[in-house]
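Report on the following structure.
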Protein chains: 2
Amino acid sequence: MSTTTRGRADRRPSITDVAKRAGVSVGTVSNVLNRPDQVSDTTRDRVLVAIEELQFVRNASARQLRAGTIQTVGAIVLDIANPFFTEVARGVEDRLAADEYTLMLSSSDEDPEREARYLRLFEEHGVQGVMVTPSAGSLDALIALRDRGIDVVLLDTTSPVDDISSVAVDDVRGGALAVEHLVSLGHTRIAFINGPQTIKQCVDRREGVIAALTGAGLDPAAALVEVTIGSLNAEGGEDGVNRLLAADGARPTAMFCVNDLTALGALRALRAHGVSIPDEMAVVGYDDVVFASMLTVPLTSVRQPTHQLGWTAADLLLRQRSEGASFQHQRVQFQPELVIRGSSDPST
Amino acid sequence: MSTTTRGRADRRPSITDVAKRAGVSVGTVSNVLNRPDQVSDTTRDRVLVAIEELQFVRNASARQLRAGTIQTVGAIVLDIANPFFTEVARGVEDRLAADEYTLMLSSSDEDPEREARYLRLFEEHGVQGVMVTPSAGSLDALIALRDRGIDVVLLDTTSPVDDISSVAVDDVRGGALAVEHLVSLGHTRIAFINGPQTIKQCVDRREGVIAALTGAGLDPAAALVEVTIGSLNAEGGEDGVNRLLAADGARPTAMFCVNDLTALGALRALRAHGVSIPDEMAVVGYDDVVFASMLTVPLTSVRQPTHQLGWTAADLLLRQRSEGASFQHQRVQFQPELVIRGSSDPST
DNA sequence: ATTCGACGTTGAAACGATTCACGCACCCTA
DNA sequence: TAGGGTGCGTGAATCGTTTCAACGTCGAAT
């Protein structure tokens, strides 16, 4: 009775149970599973029937314990809810699928502790490699990881060391593009809603911003109003604008947001404050996400090759694996592109 | 030399290596790791030093093989790139964190095969339970999974059976809300950009649509123009509109899109065709995603309690685990809410 | 008739962590 | 001083799979 009507399995059937039921050895069952052509038809059928009857499901832990490793890599992005990163992840998956690798995907939410936790989790699970958008200070941990035999590729950031590959978009150039554009429209007082300097993208885009201002003969100290926000999402953008508008001093006439999600929140807050766009405030975002062109005021943004970014990172990782010591580490860098729309330029 | 300067580990150090180096038995190392207070201070320190020196990292497979199970559950959503589902996932994570469970998250991309593959992968990895937004026909597999001891909670769909719990939002009501609104604005010819009937949400929302039309004394056969699209994203929405506008017959004056991503694509295509909104075409979406209120024409949409949906699903799953046989299966259903904006109502 | 290879199958060793019954040393108490 | 705890540590068994040397059997070749 307990075998026929059990509501809940007492124990998962193992390969041994299958072997007993089919009247063969465990080795044969394993062969049926992994090298079916080395088993005679009749035996194979008998085993398959037993597998079906027992509803046998392989135990991945045992499998992997024996094998030592699995066809899996991990990826840690800054924010899984950001369309930019989901598109990158899609690129990663597409490349991995070709080599029948699977992906463990996690979001650090810009928190170094979460990043470290996931890194450890991935390692404990025996991934062959990781793609990471690292927070500040995690480089040493990544180098140590690499030394322990887990390949590392930096994602959306340029590698500071020669023996770790990276795939990035030129963020300095992107930041410059945005601000050069605003300056060319005549703005001389520009707000920059930026994330913490623990995030490399924020540092680089800021560098581009400063360079563009200086290059245009403006003094950053006077022309730039920096607002630092805690998280790079819509809430952060709203928060940034609220603080900006509450501050004393001349209100900027233009604003560069570190990404489109932030810009979305900023636009929402600006609207709530009755600030008209682009007349009273020109706004530029970053990423050119799917909805940027469709907003009340279509958002000027810096476009990046998202899918290609992810695809290339995965490609480097897999090639590093297969080529071994002969692999040449490299820093791949793509160029961003400014897409001008109504949020900055009234003539469009 | 090979031990000091090895660039790449020959083999991951095991608990045995640590034990040897520290001059203790493996049992003691395990105790240091799992019950540190049962080990004397000096021994513990010695072991910790060895762990540090060898850069020892636990092997999750071995650990889990012995333990039999892990504090992990899986979730399969229809589309990870849809903000609706990322918000749901966030709710799931928040509840799981309280019980120190981890989440394996995957996207089926509305493909039953992908769903089945991930389900199997989760099972092989020994998850304790799964939350699934199922495709049509996968119920039997889910019941079988439950019978094999893996708890199942249906996510964003109402359970068709008594002994599997579910957490959903009333999609029939949601569909009705959308169309009642359009009818109240005087529309008598309404397009419905819907996904395939293999997706329960699409079936339910359609049922609500039909009910609303009938309730208003309209004949669905005449009043409703259905367009079925392959995937519920922006591309699908664009495709749907293109096909709608290319078709013969009187053009509808209103349109209900099965979700906001689809609506976004639809709006893009409508704009490309020079159709003005809401004058020539009123548009209603579904989900009220973060950018809905910020679009060129703010999108009327049906709002759902996303975070709560995920949180509750995870809560049911964990309680099912802990309460065992005494657990009462339940169908939780939340109510949707219509948010009226400019894409349907010119007066807003 | 013997040898040989091919084929199919076997069974035990290994993977690395956890667990638990047991042993040892020590101190406290009667 | 014997008896009984207590506190630490040990080491073998165990989880389920894969792998591989070894074995029997059969047919073909010599």
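What you see below is based on every heavy atom in this structure, not just the backbone, and it leaves out hydrogens, waters and symmetry mates. All chains are named by letter (A, B, ...) in the order of the sequence lines, taking the proteins before the strands, and each is independently numbered beginning at 1.
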A:Ser40 vs A:Thr43, side-chain hydrogen bond (donor to acceptor under 3.5 Å, both in side chains): CA-CA, chis, key distance, verdict: CA-CA 5 Å; A:Ser40 74; A:Thr43 317; 2.6 Å; yes

Nearest-Å distance for atom pair [atom1]/[atom2], residues [X] and [N]:
X	N	atom1	atom2	result
A:Ile70	C:dC15	CD1	C1'	14 Å
B:Leu65	C:dT19	CG	C1'	13 Å
A:Lys20	D:dG16	NZ	C1'	12 Å
B:Gln64	C:dA17	CD	C1'	12 Å
A:Phe56	D:dT18	CZ	C1'	12 Å
A:Asn59	C:dG16	CG	P	16 Å
B:Ile15	C:dC15	CD1	P	15 Å
A:Asp17	D:dG16	CG	C1'	10 Å

A:Thr86 side chain vs B:Ala81 backbone, donor-acceptor pair below 3.5 Å: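 The answer is no, because no donor-acceptor pair under 3.5 Å joins these two groups.
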
Donor-acceptor contact below 3.5 Å, side chain B:Ser107 vs main chain B:Ile80: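 Yes, B:Ser107 side chain to B:Ile80 backbone: donor-acceptor pair under 3.5 Å.
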
A:Arg63 (side chain) and D:dT17 (base): donor-acceptor pair under 3.5 Å: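 There is none.
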
Touch class at under 4.0 angstrom, heavy-atom based, for A:Ser30 against every strand present: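 Result for A:Ser30 = base.
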
Proximity to the side chain of A:Arg11 - top-ranked nucleotide from D:dG16, C:dT18, C:dT19: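 Closest nucleotide to the A:Arg11 side chain: D:dG16.
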
Options D:dT18, C:dA17, C:dC15, nucleotide nearest the side-chain atoms of B:Ala62: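 Of the candidates, C:dA17 comes closest.
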
So, do [X] and [Y] sit near enough that their side-chain heavy atoms are less than 4.5 Å apart?
X	Y	result
B:Thr158	B:Ser166	yes
A:Arg12	A:Asn59	yes
A:Glu323	A:Gln328	no

It should be established whether [X] places a side-chain nitrogen or oxygen under 4.0 Å from OP1 or OP2 of nucleotide [N].
X	N	value
A:Arg35	D:dT19	yes
A:Asn34	D:dT18	yes
A:Arg66	D:dC15	no

Please list, pair by pair, any protein nitrogen or oxygen found under 3.5 Å from a nitrogen or oxygen in nucleotides 5-12 of chain D.
residue: D:dG9; atom: OP1; partner: B:Ser40; partner atom: OG; Å: 2.9
residue: D:dG9; atom: OP1; partner: B:Thr43; partner atom: OG1; Å: 2.1
residue: D:dG9; atom: OP2; partner: B:Ser40; partner atom: N; Å: 3.0
residue: D:dT10; atom: OP2; partner: B:Ser25; partner atom: N; Å: 2.9
residue: D:dT10; atom: OP2; partner: B:Ser25; partner atom: OG; Å: 3.1
residue: D:dT10; atom: OP2; partner: B:Thr28; partner atom: OG1; Å: 2.6

Ion pair A:Arg321/A:Asp99, N-O distance below 4.0 Å: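 So A:Arg321 does not pair with A:Asp99 through a salt bridge.
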
